[in-house]
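Numbers restart at 1 for each chain; the letters A, B, ... are given by sequence-line order, proteins then strands.
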Amino acid sequence: MAEKKKFQAIKGTRDLLPPDTELWNRVEQTAREVFGTFGFGEIRPPIFEPTELFARSIGMDTDVVGKEMYSFEDRDETSVSLRPEATASVCRAYIEHGMHAWPQPVKLYYTGPMFRRERPQKGRYRQFYQIGAEVLEMVPPNQDPAKNIGKDAAVDAEVIEMVMAFFARSGLEGVELAINSIGDRQCRPKYVELLRAELMKVKDKLGPDSQRRILTNPLRVLDSKLESEQGIIAGLPRISDHLCANCAAQYAELKRQLGMRGVPYAENWRLVRGLDYYMRTTFEITARGLGSQNAVCGGGRYDGLVELLGGPPTKGIGFAIGEDRLILSLEEAGKGGAALGRDVFVAWMGEQAQGAAILAAQKLRASGFRVELPPVEQKFGKALGQADKLGARYALILGDDEIRTGQWTVKTLASGEQAKMSEAEFLEMSRKGKRLSS
RNA sequence: GUGGGAGUAGCUCAGCUGGUAGAGCGUCGGUCUGUGGCACCGAAUGUCGCGGGUUCAAUCCCCGUCUCCCACCCCA
C-alpha cells in the first residue's frame, strides 16, 4: 500500500518546459506567418486514423508501417494507429471534404506530434513534432500530363522556396538543400531493375545491409554511408540519365525555377526518399548541429496518392520539417529562449496597498504587460530581490506613502533609477519601453 | 531490432584498491521591519535508477532489469 510508484515519461517521449517552450512557440508562430504569406491555411487532422490509411499510403513494406507504428485495436475491433506522419491524413481530408471543388490548388499546413516506435537518439523521439505543408491539386479529366510539367515544377519550386524562407526567418544556420528526381511510374521501375542488375554484379563487395537491399529496395543502397561502398556507388548508373522525357523536363524546369527564385541548391543523385508515395521531385534539407540525424526537412511530389486512397486523380507536393531537430539546431546555435521575464513586479506593503496593488495589476495586465503580484506582503528588500530574480523590468512600489499621495513609485531595475508618477504616466512610459525592448 | 557508454541532492558532478555520502550552482530563511543585483551565515532535499547475488559490510564487485545518451537500421 505504501509503495510509491515513480512515474516518468514513456521512453522516447519528453516534457517540453519553459523557457524552451518559448522557442517552440516562436518557431511555430514563424511558420504560421511565413506559410500564410504563401497562401497556406492550417489543417488540424486527428492524431489517429485507421491503420489501413497509413499502410496504403506509406507502403506496407516500409519500416514506418511495418514495424514502427503504434497500432491498437479499438473497441469495435478495427485497427487504428497513431499517425507516423500527416500527409496521408491530409489526403484523406482532401477527399472526405471534397476539396477538389475548392479553388485549386489547395494549400494546407499543419503542426503537431507524430509517433514512431524507433530507438530514440539525438534528434529522434517516439513522439516527435513536425511542421509540414501540402499542395494538392485535382487533375482535370482529359488533361495531357505533359502540358503541366512547367506548372508542377513551379509549384515544387515555390514550396521549396517557402521552406527555405521559413528556415531563414527562424535563424537556422548551416542550411543546405539537396534535390533530386526519382522518376515516375514509367521510368523508375526500369531504372530500379537496371540498378539491381548492376548491383548484383558487385554484390560480393557490398556489406550485408546493402546486399539485402538489392532485393528489397535497391535505391536505398545509394544512401549507404559505409566508407567501403562509396567507390562502388560512385560508379553505379544514375537515375538522371534514365528519366523519361516528362520527368527530365520537369526536373530541368524545377532547377530553372529555383534559380529564378534565388534558392541555392545542390543536386544529389543519391537522394532517395523512404516512403513509397514519392515520385519525381524529392528534396531534403540539412542543418548544423544535429548529430547523425541531420535532416531537418524532407519532402517531395506524390501525384497519385489521393487517387490511391480512393479520391479523384490529384497531384501533390509537400514536405515535413522535424521540429525537434530544428529546435535542437537553433539551441545549438545559441538561439534558445530566455526565461519568461516580467514587465512589472508589484511590490506592496500594507493592507490598503494590497487593494491598490491588485487594481494596478489588473490594469497593467489588461494592457498586455507581464505582471507579478506577490500573494502576501513582503518587505521591500525581499520584494525587489525577487523582482530581480524574475528578470522584471520595473518594480512598482506601493506602500503607505504612495497610497497617501496617489503617486506610484516606479523603479527601473536595470538602472536603479526611481521616480514618482501617476498611473497614466507609468502606462505611457512602460509602453514606450516595451516597444524599445521588443 | 543490433551495438557501445552512463545512471549519486532540483541541476552539474566528486566519492582512492568495498567500511551505508559530499561540493558548486539553484531554492528557502537570516544579517537587511521603505529599496534588489554583492557578500556573509544558516536550512531543506538523496531508500547512491530498481531487483537479486557475493561479503561481517556494497554507491563501489557480479547478474538481471529499467531509463537516458551515442551510433547502426530507418527516417523528420
Side-chain angles (χ1 to χ4, degrees), chain A residues 2-14 17 58 61-68 84-87 111-132 163 207-210 212-213 216-217 220 223-226 271-275 278 283-287 290-300 318-329 339 345 347-350 353 377-392 394-403 409-418:
Chain A
E3 265 179 60
K4 279 184 201 161
K5 182 174 167 80
K6 266 194 210 161
F7 287 105
Q8 60 183 64
I10 287 174
K11 184 190 187 97
T13 72
R14 56 192 183 141
L17 308 172
I58 299 167
D61 297 330
T62 59
D63 281 6
V64 170
V65 169
K67 48 192 198 195
E68 294 174 0
E85 54 111 46
T87 300
T111 79
M114 309 294 160
F115 304 85
R116 289 182 203 173
R117 199 180 187 291
E118 298 179 276
R119 191 84 168 257
Q121 69 183 76
K122 184 168 187 164
R124 162 181 296 164
Y125 306 94
R126 290 184 172 183
Q127 175 173 337
F128 61 104
Y129 294 79
Q130 286 189 334
I131 298 172
V163 204
D209 284 331
S210 291
R212 182 171 41 77
R213 290 192 209 118
T216 58
N217 195 344
R220 285 236 77 92
D223 237 9
S224 168
K225 291 167 194 156
L226 278 183
L271 175 66
V272 294
R273 304 261 82 222
L275 311 184
Y278 285 115
F283 62 97
E284 182 171 281
I285 298 166
T286 54
L290 290 173
S292 71
Q293 308 301 323
N294 65 347
V296 73
C297 174
F319 62 81
I321 294 162
E323 192 175 358
D324 306 78
R325 294 178 186 177
L326 170 56
I327 298 276
L328 196 62
S329 180
F345 187 99
W348 61 272
M349 258 184 87
E377 187 176 54
Q378 290 171 320
K379 296 172 197 168
F380 285 121
K382 183 173 160 140
L384 289 173
Q386 210 172 0
D388 188 54
K389 227 173 289 179
L390 291 174
Y394 300 111
L396 173 55
I397 296 172
L398 295 177
D400 294 339
D401 294 351
E402 286 75 13
I403 300 303
T409 299
V410 174
K411 183 167 185 124
T412 306
L413 275 307
S415 64
E417 284 166 29
Q418 191 164 308

- line: Among B:U27, B:C73, B:G36, the one nearest any side-chain atom of A:Arg213 is B:C73

message: Are more than 12 heavy atoms, taken from residues, nucleotides or ligands other than A:Asp401, located less than 6.0 Å from that residue's CG atom?
response: yes

task: Start with the C-alpha gap between A:Met114 and A:Val64, add the side-chain angles, then the distance that decides, and say whether side-chain contact (heavy atoms from CB on, under 4.5 Å) holds.
output: CA-CA 12 Å; A:Met114 309 294 160; A:Val64 170; over 6 Å; no

Atom pairs, protein N/O to nucleotides 31-34 of chain B N/O, distance under 3.5 Å:
{"from": "B:G34", "atom 1": "O6", "to": "A:Asp400", "atom 2": "N", "distance (Å)": "3.0"}
{"from": "B:G34", "atom 1": "O6", "to": "A:Asp401", "atom 2": "N", "distance (Å)": "2.5"}
{"from": "B:G34", "atom 1": "O6", "to": "A:Asp401", "atom 2": "OD1", "distance (Å)": "3.3"}
{"from": "B:G34", "atom 1": "O6", "to": "A:Asp401", "atom 2": "OD2", "distance (Å)": "3.3"}
{"from": "B:G34", "atom 1": "N1", "to": "A:Glu402", "atom 2": "OE1", "distance (Å)": "2.8"}
{"from": "B:G34", "atom 1": "N1", "to": "A:Glu402", "atom 2": "OE2", "distance (Å)": "3.3"}
{"from": "B:G34", "atom 1": "N2", "to": "A:Glu402", "atom 2": "OE2", "distance (Å)": "2.7"}

- prompt: Between A:Gln121 (CD) and B:C75 (P), how many Å, whole number?
  reply: 13 Å

- prompt: Which atom names give the shortest non-hydrogen contact between A:Pro84 and A:Ile58, and what distance separates them?
  reply: CG-CD1, 3.8 Å

task: Send over the distance from A:Arg116 CZ to B:C73 P, rounded to a whole Å.
output: 16 Å

message: So A:Arg212, base contact, sugar-phosphate only, or nothing? Heavy-atom distance under 4.0 Å.
response: nothing

message: Working to the nearest 0.5 angstrom, can you tell me the gap between A:Trp348 CH2 and A:Ile403 CD1?
response: 11.0 Å

message: Would you measure the distance from the C1' atom in B:A21 across to the matching atom in B:G64 and give it in whole Å?
response: 26 Å

query: Is A:Lys122 near enough to B:C72 that one of its side-chain N or O atoms lies under 4.0 angstrom from OP1 or OP2?
result: no

- line: Note: A:Ala295 and A:Arg325 closest approach over all heavy atoms is O-NH1, 2.9 Å

- request: Mark yes or no for whether A:Gln386, through its side chain, and A:Ala383, through its backbone, hold a donor-acceptor pair below 3.5 Å.
  value: no

task: Write down the atom of A:Phe319, the atom of A:Ile131, and the distance for their closest heavy-atom approach.
output: CE1-O, 4.1 Å

- prompt: If you take all heavy atoms of A:Val296 and A:Ala287, which pair is closest and at what distance?
  reply: CG1-CB, 4.3 Å

task: Please answer whether the main-chain N or O of A:Lys411 pairs with a side-chain N or O of A:Gln418 as donor and acceptor at a distance below 3.5 Å.
output: no

field: Pairwise C1' distance, B:C11 and B:C16 [rounded to whole Å]
entry: 27 Å

statement: Stems with RNA chain B, 3 or more Watson-Crick or G-U pairs in a row (under 3.5 Å), are B:1-7 with B:66-72, B:10-13 with B:22-25, B:27-31 with B:39-43, B:49-53 with B:61-65

query: Just checking A:Gly132: base, sugar-phosphate only, or nothing, at a heavy-atom cut-off of under 4.0 Å?
result: nothing

query: Taking for each residue the nucleotide of RNA chain B bearing the nearest heavy atom, is the 5' side occupied by A:Ile10 or by A:Gly299?
result: A:Ile10

query: Under a 4.0 Å N-O cut-off, is there an ion pair linking A:Asp63 with A:Arg220?
result: no

- prompt: Excluding sequence neighbours, so at least two apart, what forms side chain to side chain donor-acceptor pair (under 3.5 Å) with A:Arg212?
  reply: A:Asp209

field: Heavy-atom neighbours of A:Ile10 CD1 exceed 12 at 6.0 Å
entry: no

- prompt: In whole angstroms, how far is the C1' atom of B:G36 from the CG atom of A:Leu396?
  reply: 15 Å

statement: Atom CG of A:Leu384 and atom P of B:G37 are separated, to the nearest Å, by 9 Å

- prompt: Going by heavy atoms closer than 4.0 Å, what residues in residues 318-329 of chain A are next to RNA chain B?
  reply: A:Ala320, A:Gly322, A:Arg325

- request: For A:Gly66, report the nucleic acid contact type (base, sugar-phosphate, nothing); a contact means any heavy atom under 4.0 Å.
  value: nothing

task: Check whether any side-chain nitrogen or oxygen of A:Gln8 sits under 4.0 Å from OP1 or OP2 of B:U67, and answer yes or no.
output: no

- prompt: When the distance from CG of A:Leu390 to C1' of B:U27 is rounded to whole Å, what number comes out?
  reply: 13 Å

Atom pairs, protein N/O to nucleotides 4-12 of chain B N/O, distance under 3.5 Å:
none

task: May I ask you to say what A:Lys411 touches in the nucleic acid, namely base, sugar-phosphate or nothing, with a heavy-atom cut-off under 4.0 Å?
output: base

message: From CD of A:Glu118 over to P of B:U2, roughly how many Å is that when rounded to an integer?
response: 15 Å

message: Can you measure A:Arg14 atom CZ to B:U67 atom P for me and round it to whole angstrom units?
response: 17 Å

- prompt: How long is the gap from CD on A:Gln378 to CG on A:Leu384, to the nearest 0.5 Å?
  reply: 9.5 Å

- prompt: Closest heavy-atom contact between A:Val163 and A:Cys297?
  reply: CG1-SG, 3.9 Å

query: Which value, in whole Å, describes the distance between the P atoms of nucleotides B:C60 and B:U45?
result: 24 Å

task: Provide the distance between the two C1' atoms, one in B:C74 and one in B:G3, to the nearest whole Å.
output: 16 Å

- request: Work out which heavy atom in A:Ile397 is nearest to a heavy atom in A:Phe380; give both atom names and the distance.
  value: CG2-CE2, 3.5 Å

- prompt: Between B:G22 and B:C38, how far is it from one C1' atom to the other, in whole Å?
  reply: 27 Å

query: A:Ala9 or A:Ala392: which one's nearest nucleotide on RNA chain B is closer to the 5' end?
result: A:Ala392

query: Taking OP1 and OP2 of B:A71, is either one under 4.0 Å from a side-chain nitrogen or oxygen of A:Arg124?
result: no

task: Could you give the distance separating B:G10 and B:U27 at their P atoms, to the nearest angstrom?
output: 15 Å

- request: Between B:G36 and B:C32, how far apart are the C1' atoms? Round to whole Å, please.
  value: 11 Å

- request: Can you tell me the distance, in whole Å, between the CZ atom of A:Phe115 and the C1' atom of B:A76?
  value: 14 Å

message: When the P atoms of B:A44 and B:G24 are compared, how many Å lie between them, rounded to an integer?
response: 15 Å

query: Base, sugar-phosphate alone, or nothing: which one does A:Phe345 contact when heavy atoms must sit under 4.0 Å apart?
result: nothing

task: Check every strand shown and say whether A:Ala86 touches a base, only sugar-phosphate, or nothing at a heavy-atom separation below 4.0 Å.
output: nothing

Give the table of side-chain donor-acceptor pairs shorter than 3.5 Å for residues 118-126 of chain A, with sequence neighbours excluded, one pair per line with atom names and distance.
{"from": "A:Gln121", "atom 1": "NE2", "to": "A:Ser292", "atom 2": "OG", "distance (Å)": "3.3"}
{"from": "A:Arg126", "atom 1": "NE", "to": "A:Glu118", "atom 2": "O", "distance (Å)": "2.8"}
{"from": "A:Arg126", "atom 1": "NH2", "to": "A:Glu118", "atom 2": "O", "distance (Å)": "3.4"}

message: Looking at A:Lys11, I'd like to know whether one of its side-chain N or O atoms comes within less than 4.0 Å of OP1 or OP2 on B:U67.
response: yes

task: Give, for atom OG1 of A:Thr13 and atom CZ of A:Phe128, the distance between the pair rounded to the nearest 0.5 Å.
output: 13.5 Å

